[in-house]
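One structure is given here, and the rest of the page talks about it.
Numbered from 1 within each chain, the chains take letters A, B, ... in sequence-line order. Treat the numbers as computed from the prediction; the structure is a model and nothing was measured. Values below: all heavy atoms of this structure, side chains included; hydrogens, waters and symmetry mates excluded.
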Protein chains: 2
Amino acid sequence: MSETHGSKLLSTLHEDGRLVVELVEETLPAPKGDEVLVRVEAAPINPSDLGLLFASADVDNAEYADGRIVAQMPDAALRAMSGRVGQAMEVGNEGAGTVIAAGEAPSAQALLGKRVALIAGGMFAQYRLTRADACIALPDDVSAEQGAAAFVNPLTALGFVETMRREGHSAIIHTAAASNLGQMLVRICQEDGIPLVNIVRNGEQVALLKGLGADIVLDSSKDDFSAQLETAIAATGATIAFDAIGGGTLVSDILHAMEEVVSKDAPYSRYGSNSHKQAYIYGMLDTSPTILTRSFGFSWNVGGWLLFPFLQSAGPEIAQRMRQRVFDGLTTTFASQYKARISLRDALTRDAVLTYNGRRTGEKYLIVPN
Amino acid sequence: MSETHGSKLLSTLHEDGRLVVELVEETLPAPKGDEVLVRVEAAPINPSDLGLLFASADVDNAEYADGRIVAQMPDAALRAMSGRVGQAMEVGNEGAGTVIAAGEAPSAQALLGKRVALIAGGMFAQYRLTRADACIALPDDVSAEQGAAAFVNPLTALGFVETMRREGHSAIIHTAAASNLGQMLVRICQEDGIPLVNIVRNGEQVALLKGLGADIVLDSSKDDFSAQLETAIAATGATIAFDAIGGGTLVSDILHAMEEVVSKDAPYSRYGSNSHKQAYIYGMLDTSPTILTRSFGFSWNVGGWLLFPFLQSAGPEIAQRMRQRVFDGLTTTFASQYKARISLRDALTRDAVLTYNGRRTGEKYLIVPN
């Protein structure tokens, strides 16, 4: 085996604000040393991939040709993304496939012929050349599709639980909780006996999570949401929240509700309670500013939460334990649901883009590149 | 000595939104056990006192009588302060005076006749009955006026430096930096060799801090403020900010500038840099919401910062070291400046209230109750 020919998706933002997402041909060399060549069999389109693939480009009014999309990036977004202008960026954080060639190193040879999961970037491609240690062999009874999303959502959901424990909290509030990640979190918290307050945006999502056995599911579109939230916080003792939305007042509302609950029967202090209230923003379903009313005293913290810095701070032992739990539960606790399976080429059609880029619950796509 | 008669200020918020601030007579019993009776000789009006004394009541249109003010509290503020409705609240966090009577306990007797500083609350009064361990004897060469503000501002400024060190940062950004507290921070950072970026709101304040020898003073009202801020951050490596303002976009602007500096020559990442950026909000000169654009990746944290929880988390050893440093530098590093000295009664006149409640630089008042 010498060279391998395949195609991959690239996203390029140009100086004039044109974003070009296209399918291009590539030639991959034979793997050397500890490299392996993976034939990609499944790669999920995660929200984190969409941020790189399209960001806030105007996909509604884009030009769709066969294997090529040209969309306009709004000026403000263009300025914010000046760091990527002119670079053709590979997309797709994670996926699974089969190792069809390997370098001479024993670690690479050991994977030859194996089905592996990997979080290597550039997975929206037919083939991916990467280092052996980026791959984890899948159990025999796990398909590539079942192993394709073994990292981002599962480790993030487990990371919330680790963060909760590390920082001394005992219950979790989660927003946009009907997502694939949110469903995993429901199952994890059930297994671990952790009280979980799920916040969703409509009745369908309430039904979905209730169907999974979730105990507390609040609909933020209801008039009595604030009161329900305070009741749920009082019942669970939740003092940490993970928010996928980012923009607007929801984080502020959650902190306010936490403060209301602890200060209900306490003597008045103009500084608020000393009960520490924590919120982490880990996504940006809403890119508008986060509005904090600060009507919750001074004992609070709002921060960004991201998987890789978390794994680094947690250390190799905890990261390994988390990975093991995921691989043990790929077909159960950590199973993902997809609306459709599509080829790389079909992923660039208008219908597909407008569906999966909407980031709606239950409309997640799986790319099947070969 | 049996009873002592004196007067004190009380602030009472009524259910109908009327805020009554008045001078009332009180009779204090003789101290017992470890209690001491302090004749208050000086008490500063700190921003933290104003939040309890007037909060956001409409002092412009209040009714001013001799020793009594009636002002209207806006509805939103009234709701936020429902916890204090109907309670006559003593005001004045800190001050200094002379112990004129003491209980039989040795700790109390040891202070008899001594000039002491204390942070006991209720210091806007002629006399304060409190526990001996709330008092610290002042050095002989320190007057009550010099010792009156020995806690809130000095320990807060030192607390910023301790927080900076504890969290692994090496330079500080400070907003509203021309305040008494800000001036102390300038002197502390000079003594300790800590790079400090001072942000102020006008040219006069720039001149004031430059006059103290401050190295970097930025005027946020200037057109080139953003560029200057990035230059200052690049020069100092500041990754932590302390903000007294709270409302608006300044905290967000600071985090954005930090991110711009670290990501300038880094490869593009849609998650932003992994450089941790921290901002603490410790005041609320602007009570409007904090607006975070989140244009600074995911490695950031914004939190409330308050002296007492900080001292608790720091532990008794560090707290004692900080107090010692303050008492050693009361007439130098930690000296406060006052615009005027006023009696309890004069503190309730319209002219005085409109001046000191404006929280403007250089317009701090000292109450001299006896």
Side-chain angles (χ1 to χ4, degrees), chain A residues 13 48-53 55 76 79-85 87 89 246-247 249 251-252 255-256 263-272 274 276-284 286-309 312, chain B residues 13 48-53 55 76 79-85 87 89 246-247 249 251-252 255-256 263-272 274 276-284 287-310 312:
Chain A
L13 179 60
S48 48
D49 298 313
L50 293 171
L52 189 58
L53 195 60
R79 276 194 303 277
M81 289 183 281
S82 59
R84 61 170 285 190
V85 165
Q87 296 178 53
M89 310 203 76
T249 62
V251 162
S252 192
L255 295 172
H256 178 79
S263 57
K264 202 141 264 173
D265 300 308
Y268 176 75
S269 161
R270 77 166 217 87
Y271 300 111
N274 283 338
H276 183 65
K277 296 163 288 294
Q278 175 72 49
Y280 283 112
I281 297 175
Y282 73 93
M284 36 180 165
D286 179 348
T287 57
S288 75
T290 309
I291 312 289
L292 303 175
T293 61
R294 303 196 314 289
S295 59
F296 33 78
F298 281 87
S299 294
W300 58 274
N301 239 296
V302 176
W305 195 99
L306 209 55
L307 180 58
F308 293 105
Q312 271 196 321
Chain B
L13 179 60
S48 49
D49 298 314
L50 294 170
L52 189 58
L53 196 58
R79 275 193 303 277
M81 289 183 283
S82 59
R84 61 170 286 191
V85 165
Q87 296 177 54
M89 310 202 76
T249 63
V251 161
S252 192
L255 295 172
H256 178 78
S263 58
K264 202 144 264 174
D265 300 308
Y268 175 75
S269 161
R270 77 165 217 87
Y271 300 111
N274 284 337
H276 184 66
K277 296 163 288 294
Q278 175 72 48
Y280 283 112
I281 297 175
Y282 73 94
M284 36 181 167
T287 57
S288 74
T290 309
I291 311 287
L292 304 175
T293 61
R294 303 196 315 288
S295 59
F296 33 77
F298 281 86
S299 294
W300 58 274
N301 240 293
V302 176
W305 195 99
L306 209 54
L307 179 57
F308 294 104
F310 166 75
Q312 271 196 322

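Only the side chain of A:Met89 comes within contact range of chain B, with at least one heavy atom under 4.5 Å from a heavy atom of that chain. Looking at A:Gln312, there are no atoms closer than 4.5 Å to chain B (heavy atoms on both sides), in backbone or side chain. Proximity to chain B involves both the backbone and the side chain of A:Ser48, based on heavy atoms less than 4.5 angstrom apart. Proximity to chain A is absent for every atom of B:Phe296, based on heavy atoms less than 4.5 angstrom apart.
Considering only heavy-atom pairs separated by less than 4.5 Å from chain A, the leading option among B:Ala80, B:Gly247, B:Ser252 is B:Gly247. Contacts with chain A were tallied for B:Ser295, B:Pro309, B:Pro289, B:Ser269; B:Pro289 has the most, counting heavy-atom pairs under 4.5 Å. Highest contact tally toward chain A, considering only B:Pro267, B:Ala55, B:Gly246, B:Ser263, is held by B:Gly246 [criterion: heavy-atom pairs under 4.5 Å]. For chain A, the option among B:Thr249, B:Asn274, B:Val85, B:Ile281 with the highest count of heavy-atom pairs below 4.5 Å is B:Ile281.
In terms of heavy-atom proximity, B:Arg294 sits nearest to A:Asp286 at NH2-O, 2.8 Å. Residues A:Gly83 and B:Tyr268 come closest through the heavy atom pair O-CB, 3.3 Å.
For B:Phe298, the ring-ring contact (aromatic ring centres under 6.0 Å, His included) test picks out no residue, with sequence neighbours left out.
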Let me have the donor-acceptor pairs involving side chains of residues 300-308 of chain B, under 3.5 Å, with sequence neighbours excluded, atom names and distances please.
{"from": "B:Trp300", "atom 1": "NE1", "to": "B:Gly297", "atom 2": "O", "distance (Å)": "3.1"}
{"from": "B:Trp305", "atom 1": "NE1", "to": "B:Thr163", "atom 2": "OG1", "distance (Å)": "3.1"}

